[in-house]
Student: 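There's a structure below that I have some questions on.
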Amino acid sequence: MAQAKLKPAFDVERTIAALRRALPQGIQRAPLHQPRFAGKEWDYVKECLDSTFVSSVGGFVTRFERQMAEAAGTAHAVAIVNGTAALHVSLLLAGVKPGDEVLAPALTFVATANAIRYCGALPHFVDSDPVTLGVDPERLRAYLGVNAERRGGDVVNRRTGRRLRAIVPMHTFGHPVDMEPLLALAEEWGLPAIEDATESLGSRYKGRPTGCWSRLAAFSFNGNKIVTTGGGGAITTDDEMLAQAAKHLTTTAKLAHPWAFVHDQVGFNYRMPNLNAALGCAQLEQLPAFLAAKRALAERYRRALAEVPGVAFVGEPPYARSNYWLNALLLDEEHSGERERLLQRCNEEGLACRPAWTLMHHLPMYRDCPRMELLVAESIGRRLINLPSGAGLVPEREA
Ligand SMILES: *Cc1c(COP(=O)(O)O)cnc(C)c1O
């Protein structure tokens with residue numbers, strides 16, 4: 001075919017050269033996502049140590065929660081020990097019970113599915129949208145129309161007879177899910193949505209931050225996320241009762257008393273220590289700078305990869321302003337067989353590129369979970385490569 005001849009071929013070395021061009025000059029080795037400590041981290045951590053309040057008591061936790069609520073555009077934020085625990089408690093507060101099923105993407109980090117299992121429920125995997133990489137609301141609508149039904153006050157999976165109890169949209173690599181149609185669908189079925197916003201701090205959907213679109217949302221501040229507390233997480237909500245319940249459940253369900261230890265349910269030791277919150281306060285102050293740096297880096301990748309045959313840069317959806325937590329490229333389907341080679345060469349070259357996560361239904365513990373047809377997730381899973389994305393890769397003057 002004449003046309004096929006004209007099309008320049010995909011080439012591993014040409015792709016690596018473009019990635020090198022995208023990175024600022026002088027960068028030899030680029031980790032996938034290095035934290036950046038350019039603000040008041042030392043001051044706040046020292047203040048915390050000097051105060052001796054490094055653990056469960058201290059002012060930085062409250063301060064961090066206020067800053068976090070502002071960043072997520074919610075009335076409340078509750079600081080948590082990590083993002084997985086934030087998801088776990090959010091699901092419990094949404095009413096997820098043992099034996100339920102919870103709709104969640106197959107293309108996600110394992111923590112999403114694990115948190116569902118911690119509740120004794122089963123993840124029910126749904127497919128992704130090829131642009132947003134997150135839950136595809138239209139495909140899910142069609143799927144539920146065939147596979148779900150109302151029984152009494154519940155929504156039930158027709159095949160398994162189990163109750164469908166919630167849906168967890170995850171904003172993949174910081175790119176927001178198309179929330180309006182998803183929330184409309186969730187409302188039609190009476191299913192609460194819980195955003196897994198662990199990757200999307202600072203991302204906006206139609207002008208408003210991710211984490212403010214559902215009744216409860218979970219964030220992560222692990223060392224590789226856009227803002228880090230070392231390890232940490234948060235639950236955001238507009239509902240004061242839910243915020244109080246989240247605080248109670250994550251602080252061993254202890255009743256307030258000057259000295260007595262009285263607990264009114266089986267709570268969790270899931271609070272964020274003051275020492276981590278101190279680091280987080282300094283980090284959150286830099287969120288606007290991190291977002292600017294990451295946008296500048298994404299733009300560099302977008303431009304450099306535009307000229308490379310056989311690959312496409314993953315840009316933000318048209319309605320969104322993404323935080324570009326992890327940049328990504330997608331190989332054209334016909335070149336997916338060369339992904340391992342590209343990964344190997346990138347890593348030999350000091351560019352810490354990574355494949356997409358192994359899809360959840362390919363992991364041994366989730367192999368038998370209910371799922372819809374996952375053609376898009378499978379395709380993304382074969383073709384995607386994450387690129388070095390730390391905010392520190394871009395010189396400050398450029399961001
Ligand atoms: C990071 C992450 C989590 C978990 O956060 P931790 O703080 O590491 O527990 C959950 N879900 C997704 C999609 C993540 O990327």
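Quick caveat: nothing in here was measured; it's all calculated off a predicted structure. Every number for a ligand or one of its atoms is a count from 1 in the order of the listing.
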Student: Looking at atom 14 (C) of ligand 1, what's its closest protein heavy atom, distance included?
Tutor: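 That would be T198 OG1, 3.1 Å.
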
Student: Are R383 and E333 close enough for a salt bridge, meaning some N to O gap below 4.0 Å?
Tutor: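 The answer is yes: the pair qualifies as a salt bridge.
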
Student: Just by distance, do the side chain of Q286 and the backbone of G39 share a donor-acceptor pair under 3.5 Å?
Tutor: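 Answer holds: yes.
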
Student: Answer yes or no: is there a donor N or O on one side and an acceptor on the other, between the side chain of Y319 and the main chain of D178, under 3.5 Å?
Tutor: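 It does hold such a pair.
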
Student: Quick one: does G232 get a heavy atom under 4.0 Å from ligand 1?
Tutor: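 Judged by the 4.0 Å heavy-atom criterion, G232 does count as contacting ligand 1.
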
Student: Between A85, S220, A234, flag the one that comes closest to atom 5 (O) of ligand 1 by a heavy atom.
Tutor: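 It is S220 that holds the nearest heavy atom.
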
Student: List every atom of ligand 1 that sits less than 4.0 Å from any heavy atom of N82, numbering the atoms from 1 in the order shown and giving each element.
Tutor: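 Listed by number with element: 7 (O), 9 (O).
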
Student: Between R63 and E65, is there a salt bridge with N-O shorter than 4.0 Å?
Tutor: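 Here E65 does not pair with R63 in a salt bridge, since their nearest N and O are not under 4.0 Å apart.
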
Student: Give the contacting part of N224 toward ligand 1: side chain, backbone, both or neither, where contact means a heavy-atom distance below 4.0 Å.
Tutor: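 Answer for N224: neither.
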
Student: Counting only heavy atoms, tell me which of D196, V110, V168, L326 gets closest to atom 11 (N) of ligand 1.
Tutor: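 Among D196, V110, V168, L326, the closest heavy atom to atom 11 (N) of ligand 1 belongs to D196.
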
Student: At what distance is the nearest protein heavy atom to atom 1 (C) of ligand 1, and which residue and atom is it?
Tutor: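 I find the closest protein heavy atom is K225 NZ, 1.5 Å.
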
Student: For atom 15 (O) of ligand 1, which protein heavy atom lies nearest, and how many Å away is it?
Tutor: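 Of every protein heavy atom, E199 OE2, 2.5 Å lies nearest to atom 15 (O) of ligand 1.
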
Student: Please work out whether any backbone atom (N, CA, C, O) or any side-chain heavy atom from C-beta onward of T84 is under 4.0 Å from ligand 1, and answer side chain, backbone, both or neither.
Tutor: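 Near ligand 1, T84 shows its backbone as well as its side chain.
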
Student: If the cut-off is 4.0 Å to any non-hydrogen atom of A111, which atoms of ligand 1 fall inside it?
Tutor: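 Answer for ligand 1: 3 (C), 4 (C), 10 (C).
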
Student: With a cut-off of 6.0 Å (strictly less than), are more than 12 heavy atoms of other residues, nucleotides or ligands near CZ of R215?
Tutor: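 Atom CZ in R215 is not crowded, with 12 or fewer foreign heavy atoms closer than 6.0 Å.
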
Student: Can you sort out which atoms of ligand 1 are near T112, meaning under 4.0 Å from one of its heavy atoms?
Tutor: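 Matching atoms, with element in brackets: 11 (N), 13 (C).
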
Student: Is the distance from the ring center of H124 to that of Y143 below 6.0 Å?
Tutor: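 Yes, the ring centres sit under 6.0 Å apart.
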
Student: Would H175 and S322 count as having a side-chain donor-acceptor pair, cut-off 3.5 Å?
Tutor: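 Yes.
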
Student: Does D127 use its side chain to pair, donor to acceptor, with the backbone of L375 at less than 3.5 Å?
Tutor: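 Checked: pair present.
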
Student: List ligand 1 atoms under 4.0 Å from T108, heavy atoms only on the residue side.
Tutor: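 The atoms of ligand 1 under 4.0 Å from a heavy atom of T108 are 13 (C).
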
